[in-house]
Amino acid sequence: MSGFSIKTETLKKNFGAVKALKGVSLDFSEGLLHGLIGSNGAGKTTTMRLLAGLLKPSAGSVRYSLDGRPADFARVRPGLAYMPQQASLYPDLSIDEHLEFFRALYRLDAATYARRSRELLGITRLDKFRERRAGQLSGGMYKKLALMCALLQSPSVLLLDEPTNGVDPISRREFWELLYGLGGDRILVIVSTAYMDEAERCSRVHLLDDGTLLASGEPRAVLKERGAASFEEIFIKGAL
């Protein structure tokens, strides 16, 4: 699997008079689980949509690299999967029907689909609920199904916008265990979250507040550099 990385340089995004991002420079290196951390309105979703090519920046740039060499978005796009924050599945379709739908969307051959769907149903433990409709799933199961649909194509870049928002603590833990299971495949995973306790689960964190970058780096190093005992403390200091 090829290794993609993404960098943004003084990235800005305005929605009319609202400045969602105010010149943010980020470095998402390949093969790591990156956390985009911040409260509501920090600019996380805007950043995710810019990385996914769904929005165009007002200023600054998003740059992609493949194995250390510049790559245009057209080359990245086939291997990029985006899981939006809002509900995006079809409530009347079953788990099996969703997988079949995304199989057709990704144009997977029969052998690849059989292998990937079997693997994903097993690791998510949804194999016993294949006939259940998405609208009848619990919050945690729904998120797992959405993740399965994103992973079906074996992406090189996985963008997850607040995937654990609104689910119970046990489902949150299970979801993170699934993300850890993706290690070793050189896949770049970027997860946005407002849960401060999830920041320490990431390989690298990028703290956003009101469209600006407070800090980036390995979680423990960021805490040490900022002289903070927790990420909540960093945000409180940043707001003062």
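No donor-acceptor pair closer than 3.5 Å links the side chain of Gln136 to the backbone N or O of Arg132. Judged by distance alone, the side chain of Thr193 and the main-chain N or O of Tyr195 form a donor-acceptor pair under 3.5 Å. The backbone N or O of Arg130 sits nowhere less than 3.5 Å from a side-chain atom of Asp127 that would complete a donor-acceptor pair. Formation of a donor-acceptor pair under 3.5 Å by the Lys44 side chain with backbone atoms of Leu208 is not found in this model. Under a 3.5 Å cut-off, the side chain of Ser25 and the backbone N or O of Thr10 do form a donor-acceptor pair. Within the 3.5 Å criterion, the main-chain N or O of Glu162 finds a donor-acceptor partner in the side chain of Ser192. In this structure, Thr8 contributes its side chain and Val24 its backbone to a donor-acceptor pair below 3.5 Å. Panel note: side chain Tyr64, backbone Arg75; no donor-acceptor pair is recorded below 3.5 Å. Between the side chain of Asp67 and the backbone N or O of Gly3 there is at least one donor-acceptor pair closer than 3.5 Å. A distance-only check finds no donor-acceptor pair linking the side chain of Tyr82 to the backbone of Leu51 [under 3.5 Å].
Classification of the Phe102-His98 ring pair by plane angle, with boundaries at 30° and 60°, yields parallel.
Within a 6.0 Å sphere centred on CZ of Arg201, other residues, nucleotides and ligands contribute more than 12 heavy atoms. The number of heavy-atom neighbours closer than 6.0 Å to CZ of Phe73, taken from other residues, nucleotides and ligands shown, is above 12. For CZ of Arg115, the number of neighbouring non-hydrogen atoms (other residues, nucleotides, ligands) closer than 6.0 Å is greater than 12.
The shortest distance between side-chain heavy atoms of Ser39 and Phe235 does not fall below 4.5 Å. The side-chain heavy atoms of Leu55 and Phe15, taken from C-beta on, include a pair separated by under 4.5 Å. Residues Thr124 and Leu147 form no side-chain contact, since every pair of their non-hydrogen atoms from C-beta on lies 4.5 Å or further apart. The shortest distance between side-chain heavy atoms of Ser29 and His34 falls below 4.5 Å. Taking 4.5 Å as the limit, every side-chain heavy atom of Lys143 sits out of range of all side-chain heavy atoms of Leu160. Counting only heavy atoms from C-beta outward, the side chains of Ile234 and Leu223 approach each other to under 4.5 Å. Contact of the Arg116 side chain with the Leu151 side chain is registered, since non-hydrogen atoms from C-beta on lie closer than 4.5 Å. Counting heavy atoms from C-beta outward, Val157 and Phe28 have side chains that stay 4.5 Å or more apart.
Note on Lys22 versus Asp210: salt bridge recorded, some NZ/NE/NH1/NH2 to OD/OE distance being below 4.0 Å.
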